[in-house]
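The next block holds one structure in the form of structure tokens; read it before the comments.
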Amino acid sequence: MSLLFKNLRVHQIFGANTDVGKTILTAALARASAALRNEVFYLKPISTGAMQDADDEHIKRYCGAFKNRVHTECLYRFHAPVSPHLAAQLAAGDESHKIVSDSTFINTVSSYVQRCASRVTGPAHMYVETAGGVHSPTLSGTTQLECYRPLFLPTILIGDSRLGGISATISAYESLLLRGYIVDAILLFRDEYYRNYEYLTPYFAERGVDLTAIDAPPPVNVDLAQNAASTESYYQSLDMRSVLGTLDARHGQRLAELDSMPRRSLDAFWWPFVQHGLVRSEKDVTIIDSASSDFFSVYKARDATSSLEPQFDGSASWWTQAVGHAHPALTLAAARASGRYGHVMFPQATHAPALQLAESLLHDGPGKGWASRVFFSDDGSTGMEVALKMALRAFTVREGLEGADRKALGVLGLRGSYHGDTIGAMDACMEEGVYTCEWHNAKGYWFDPPTVSIQQGHPVITLPPALTAVAAPADCDIPSDSISWVYDVPARLDTPLAEVYRTYITQTLHSLENAGGPRLAALVLEPLVMGAGGMLFVDPLFQRVLVDVVRAHDTASPSTSEAAAWRGLPVIFDEVFVGLYRLGMQSTIPLLGATPDISVHAKILTGGLVPLAATLASDSIFRAFYGGEKAQALLHGHSYTAHAVGCEVANEALRLLERENRSEAWTIARAQWGAAAGSSGAVWSLWDQQFVQSVSRLDTVAEVMALGTVLVIKVQDTQAGYVSQSAQTLLESLKDSGTGSGSSAALSLFSVHFRTLGNVAYFMTSLNTAPETIRAVEDKIWMALQK
């Protein structure tokens, strides 16, 4: 939605307050632009009050000799001289008026700007004048700063020259910065009594922003003819060329910076998960100029149309985004904590954001009913390293292991699991994967898990070879086409397939004990979905039976009962990817019907804004480190442990997540999937059920699966695996913007940024992605698969 044109320089005019001279100074800019032989466009999106007092009429009236070069427009006009939101409410009683939504309003503004841009053949200027102050409401009641943010237009701030104007101007400027706006210039009247400009000029100079003081206009004359003459004389006396020079220069600098970024990036970066030998040209570099809601604004150098193109963030920025990019509530939370604390040390200390977050996670969040402690760290991988340290220490303490026996320990997990790229986390995964390094030393045993998918419109349980050999085909029959049956774990615990799982796991564990391999000291699971391993949707019954068998297979003696509240092996749930509503549920624990001893949460924890991880542990795990000697403690830490900014953002994010959990969009989506609230198998998705089933029937598709915000499409490919390019190749057209089809055609003018895992393509929404946006993305995926 962001707009940037080569020939049309667009600036949005915000005011530090109402009645600060926005229209007068905008008229001066428009006249000066026209005097330099530029074509000029003036847009007043919303006007309230009498027609003779309308701002666009003032611009027309005082274009002087340049009327043929200045084009004015008002999109929404209301006669009541009140705030736009109130004017819209008053007009809504008239059948010819309706209160306009933010999306409709912004689309209307964007369409007008683009039409103007399509008309120009040489350098042109546009000024978009807002109403009132920066926080004055638009038609829907949303403040202007937030409503206009998707357009991301460079800004001119009109300061306040009156008493109190210093504070108002600085406050308005900071409000713009907190929403990410680019402030190219500040203008205000030169008042020789209050002399605000004398203070504000050096203040903003230190911040790299030019402030220009403009002579104030003459007082209004009650004689209309004399007033018009004095106003015209005033405009003729102003010299705005230096301001225009600054605005043009900033515009040119921004374009030049964007043009140079691909080459400079290729020369400076070592990107993660990128084979640089395959990045063949600068065109392969995605230039993200800004981001808002579910979209990147990416740069594509063009002459006739906008050089910025909306691109749907199809991987939720590596699974982090929860409520969209640049969410103002999260931004303000970060600023609030940064202003209050900056960063402070955490060992044997406390601060309100960290304490509030810990208590929320324990009492109302994923730790409710089982966890007693929270350990904060930097990200998901380090959070998992903390979890492994906890589990291994708890095991060695209970088993009384000493010396070399404490080192020869392994973990039990599932083939295809992934817990991060730090060395310790990699050791908890099989070496056959691609996420390895020279020091990687896989320690443990990994079951090949059964998986769940939708094939040819029906849910299917696929068994690995080891289980196919012992299970009857009928054991995998699903008694209905409802995916919810697969996830109703309590109802399936007494089925023949559960017994097959139970026997297989028990026999395998006995065999491992006799084989002389590493002693298993923890069970580590990614519940329900193994993300980086290929977006594998594991049969939840297998994971539940695995936990039950491991806990039943307990060797603790009665004398160690106090330390053995956990049984068999400590169980770790890695919920970094799947937790906090990514799959439509706060935690996978209620669905599996089994609590872990340790769980790890990150990514969505902070709404995707800043890194932070929380490792939750039961009291028995905590007690393994409790004692009278420092060496017994968990000697693990990070400089930014429990950093106040991250904790405050996480607190705000959790509030937003719970609000989304009760939203109308989620209620409708649950109903569409037949997910009855409160039922143990109540799984559902924001992706349309009929769309998912239709895709699963395509010849090019092997299987599909969707839960919560996640959609996974596995492409037919005889060379399947992480290095396969089949999914990337098949869906390559998603990278091109273009028109859609069907009901979502008007919304489909964007490209899609997506990631693949070999022959597996996955797509992720935010938790609050608008249903119409998801339908448009589905439309584009469908067309790409048809090609």
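Below, each value reflects all heavy atoms present in this structure, side chains not excepted, and no hydrogens, waters or symmetry copies. Residue numbers start at 1 and run along the sequence shown. The shown structure was predicted, so the numbers you read here are calculated from the model rather than taken from an experiment.
Put simply, the residue from Gln321, His325, His753 that forms a side chain to side chain donor-acceptor pair (under 3.5 Å) with Asp313 is His325. Partner of Phe152 under the side chain to side chain contact (heavy atoms under 4.5 Å, CB included) criterion, chosen from Leu3, Leu308, Ile182: Ile182.
Using bins of under 30°, 30° to 60° and over 60° for the plane-to-plane angle, the ring pair Trp666/Tyr581 lands in the perpendicular bin. Between Phe542 and Tyr504, the ring planes are tilted. Angles from 30° to 60° get that label.
Distance check, rounded to the nearest 0.5 Å: OG of Ser696 to CD of Glu703 gives 10.0 Å. From Gln586, atom CD reaches atom CG of Asn661 across 8.0 Å, with rounding to the nearest 0.5 Å.
A donor-acceptor pair is defined here as one N or O able to donate and one able to accept, closer than 3.5 Å; no such pair exists between the side chain of Asn759 and the backbone of Ala727. Looking only at distances, a side-chain donor or acceptor of Thr729 sits under 3.5 Å from a matching main-chain atom of Gln725. When atom types are taken as modelled, the side chain of Ser453 and the backbone of Gln455 share no donor-acceptor pair closer than 3.5 angstrom. One N or O on the side chain of Asn768 and one on the backbone of Val323 form a donor-acceptor pair closer than 3.5 Å. Checked by atom type and distance alone, the side chain of Thr104 never pairs as donor or acceptor with a backbone atom of Ser101 at under 3.5 Å. Side chain of Thr769 to backbone of Thr765: no donor-acceptor contact under 3.5 angstrom is found.
Annotation: Trp318 is not in aromatic contact with Phe577 [ring centroid separation under 6.0 Å not met].
A cation-pi arrangement is not found for Lys780 relative to Phe312, the charged atom failing to lie both closer than 6.0 Å to the ring centre and inside a 45° cone about the ring normal.
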Please test His276 against Phe269 for ring pair (Phe, Tyr, Trp, His ring centres under 6.0 Å), starting from the C-alpha separation and ending with a verdict. CA-CA 10 Å; His276 284 241; Phe269 293 149; 9.1 Å; no
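What you find for Glu385 and Ala425 is that their closest heavy atoms are OE2-N, 3.0 Å.
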